[in-house]
2 protein chains.
Amino acid sequence: MSKSSSSKSQSFPNEDTPSCDAYLVHLDRVRQVQPEIMPVEKAQQMAEFFNALADPNRLRLMSALANRELCVCDLAAAVKVSESAVSHQLRILRSQRLVKYRREGRNVYYSLADRHIISLYQEVSEHLQE
Amino acid sequence: MSKSSSSKSQSFPNEDTPSCDAYLVHLDRVRQVQPEIMPVEKAQQMAEFFNALADPNRLRLMSALANRELCVCDLAAAVKVSESAVSHQLRILRSQRLVKYRREGRNVYYSLADRHIISLYQEVSEHLQE
DNA sequence: GAAACATCTGAATATATCTTCATATGTTTT
DNA sequence: AAAACATATGAAGATATATTCAGATGTTTC
């Protein structure tokens, strides 16, 4: 997902890049904005977070968990995906601390990490409604 | 990004699937939760939205635009990515109505679609802070 | 209207992601 | 401790995604 750095036409006082470059760009604006741009590292972190939510099955898992705590097995049945696939996806949700879990006997029960997530969901819902 | 339907061990009254199945699952819980699960279609739509935000360069573009309106050319310089790549990515942001644009002469100026997006950004920021 | 400019788009390649299958880990029951 | 169960994990194949390059579109200037 993006490689960062390492292509030509990137630094400014540059060589043979054809179109809009160096003094053709609105240098003043670029300089003004540049310090405000999210640093690559943080962008990477945030992208991973959004990425965890960028899958229909994971969202369906989340919506199931919004109602009640469920074990992997029930989640698989509810969302109609294999248990293995569910487990893989829960790992991704876990890695972004979107869900938490507890073990009870042989089952592992998952639930949403915090209500925070729900308001995010609602906000996006509204945006998509328009 | 997910295929939905079409594998074994999915419908309930089923054949030879090994582990946790049919009457082993907590059927009551599954039935209780199932009607609340986000429909596939909506999950798909929402996943596409999150996916648009799930790339570091696109997030950096957004953060640049959070400050001021900018043309493609300036965006490319500010974020240090080729203009073609920026254009491709702007298309994705546009498709989710995250940015809007207006033409002025030969330039196309992009800006954030609404302030809505910024509060979403802040919420995620907080989540990642913890 | 031709040339230069700014942006967009399609095809191709490289990388990332999802699902499946096989197997490993951890828990309970006998 | 062996067998059955629930979940997790690694590798492999199929699909999706991002970037680059070449060329197309639309705009201005001469």
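Residue numbers start from 1 in every chain, and the chains themselves are labelled A, B, ... in the order their sequence lines are given, proteins ahead of strands. In what follows, every heavy atom counts, from backbone to side chain, and hydrogens, waters and symmetry copies are set aside.
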(request) Kindly write out the residues that satisfy side chain to side chain donor-acceptor pair (under 3.5 Å) with Glu104(A), not counting sequence neighbours, or none if the list is empty. (result) Arg102(A)
Run the side-chain donor-acceptor check on residues 112-121 of chain B: report pairs under 3.5 Å with partners two or more places apart or on a different chain.
| from | atom 1 | to | atom 2 | distance (Å) |
| --- | --- | --- | --- | --- |
| Asp114(B) | OD1 | His116(B) | N | 3.3 |
| Asp114(B) | OD1 | Ile117(B) | N | 3.2 |
| Ser119(B) | OG | Glu123(A) | OE2 | 2.3 |
| Ser119(B) | OG | His116(B) | O | 2.9 |

(request) Report the residues that fulfil ring pair (Phe, Tyr, Trp, His ring centres under 6.0 Å) with Phe50(A), sequence neighbours left out, ordered by chain and then residue number. (result) none
(message) Between the base of dT9(D) and the side chain of Ser84(A), is one N or O donor paired with an acceptor at under 3.5 angstrom?
(response) yes
(request) Could you check which residues of residues 101-113 of chain B get a heavy atom under 4.0 Å from DNA chain C? Sort them by number, please. (result) Arg106(B), Asn107(B), Val108(B), Tyr110(B)
(message) So does Cys71(A) get a backbone contact from the side chain of Arg29(B), meaning a donor-acceptor N/O pair under 3.5 Å?
(response) no
(request) Tell me, please, which residues at least two apart from Tyr109(A) pass ring pair (Phe, Tyr, Trp, His ring centres under 6.0 Å). (result) none
(request) Please list, chain by chain and in numerical order, all residues satisfying side chain to side chain donor-acceptor pair (under 3.5 Å) with Arg106(B), sequence neighbours excluded. (result) none
(message) Taking the axis from the first five pairs and the axis from the last five, what angle separates them in the helix from dG1(C)-dC30(D) to dT30(C)-dA1(D), rounded to 10 degrees?
(response) 30°
(request) Please check the phosphate of dT7(C) (OP1 and OP2 only) for any side-chain N or O of Ser87(B) closer than 4.0 Å. (result) no
(request) Nearest whole angstrom, please: distance from the P of dA8(D) to the CG of Leu75(A). (result) 10 Å
(message) Going by the rule ring pair (Phe, Tyr, Trp, His ring centres under 6.0 Å), which residues pair with Phe49(B) if we only count those two or more places apart in sequence or in a different chain?
(response) His127(A)
(request) Round to the nearest Å and state the distance from Asp55(A) atom CG to dA16(C) atom C1'. (result) 13 Å
(request) Could you pull out all residues at least two apart from Ala64(B) that satisfy side chain to side chain contact (heavy atoms under 4.5 Å, CB included)? (result) Val33(A), Ile37(A), Leu70(B), Leu75(B)
(request) Starting from P on dA22(D), measure out to CD on Glu83(B) and report it in whole angstrom. (result) 15 Å
(message) Taking salt bridge (Lys or Arg N to Asp or Glu O under 4.0 Å) as the cut-off, I'd like each qualifying pair that reaches into residues 86-100 of chain A, sequence neighbours left out, listed once.
(response) Arg97(A)-Glu130(B)
(message) Which residues in residues 88-96 of chain A have a heavy atom closer than 4.0 Å to any atom of DNA chain C?
(response) His88(A), Gln89(A), Ile92(A)
(message) Among residues at least two apart in sequence or on other chains, which ones pass side chain to side chain donor-acceptor pair (under 3.5 Å) with Ser125(A)?
(response) Lys42(B)
(request) Figure out the CG/P separation between Asp74(A) and dC5(D), and round it to whole Å. (result) 16 Å
(message) Whether the side chain of Gln34(B) engages the backbone of Ala78(A) through a donor-acceptor N/O pair (distance < 3.5 Å, no angle test) should be reported.
(response) yes
(message) From CZ of Arg29(B) over to P of dA6(D), roughly how many Å is that when rounded to an integer?
(response) 12 Å
(message) Without decimals, in angstroms, what is the distance between Leu59(A) CG and dT17(C) P?
(response) 16 Å
